[in-house]
Amino acid sequence: MYDEFFSKFSDPKALNESKEDDIRDVIRPLGFVNQRTRTFREVGEVFCKDYRGEVPNSLDQLKRPWRVGDYSARACQLFARGEPLALVDANFSRVIGRIFGYDMPRQPHKSEEVYALLESLVPSDPPLARAFNLAILDLGALICTPSSPACSTCPINAACYYYDENRSE
Ligand code: SF4
């Protein structure tokens with residue numbers, strides 16, 4: 001699906017000139033088709049109208065199309081441009097919170113303090129910044145799960161506050 005998407009819509013201009021049904025057909029496997037079609041339509045319109053058809057290079061500008069939020073804007077800057085940003089979501093916040101014994105707020109993606117903490121951990125080297133984010137996301141999805149973290153087999157348990165506090169001697 002991704003190959004087809006990028007071959008048909010390689011830039012904002014291609015999105016802007018496409019028919020709604022063309023976008024809809026390609027992204028159908030992703031689900032939430034109506035919402036995502038509207039977002040992609042707006043990405044094409046806004047970026048062509050206000051940024052000469054380029055993908056803008058700031059988080060605030062990237063977030064202008066409907067329902068493009070912090071996570072998507074940060075992912076764009078991190079993966080496409082190598083900015084050392086943190087992809088703050090529930091998994092990322094849970095893993096980091098456990099490792100450092102940090103009490104995360106209920107909505108970590110809305111907390112300036114959380115962004116400051118997580119960003120201080122991201123390496124400045126672009127490939128390392130990408131690898132760091134992907135590693136934390138994988139750890140949260142596969143090992144440090146919400147209800148039953150597999151601490152005994154976790155590769156970073158020696159540095160984890162949660163493991164140290166909860167293991168039985
Ligand atoms: S040791 Fe346990 S709590 Fe700590 S990061 Fe690994 S799985 Fe999560």
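Start at 1 and go down the list; that is how both ligands and their atoms are numbered. The figures here come from the full heavy-atom set of this structure, side chains too, leaving out hydrogens, waters and symmetry mates.
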*Have a look around atom 2 (Fe) of ligand 1 and list protein N/O/S atoms under 2.8 Å, or say none.*
C151 SG

_Parallel, tilted or perpendicular: which one describes the rings of F92 and F132, with boundaries at 30° and 60°?_
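Because their plane-to-plane angle is over 60°, the rings of F92 and F132 count as perpendicular.
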
_ILVMFWY cluster, F6 and L30 together (side-chain gap under 4.5 Å)_ =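 Same cluster.
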
*N16 side chain near E45 side chain, heavy-atom distance below 4.5 Å*: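 In short, these two side chains touch, coming nearer than 4.5 Å.
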
*Taking the side chain as every heavy atom from C-beta outward, state whether L121 and F100 have any atom pair closer than 4.5 Å.*
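L121 reaches F100 side chain to side chain.
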
_Atom CD of E113 with >12 non-hydrogen neighbours under 6.0 angstrom_ = no

*Got more than 12 heavy atoms from elsewhere within 6.0 Å of NZ, K63?*
yes

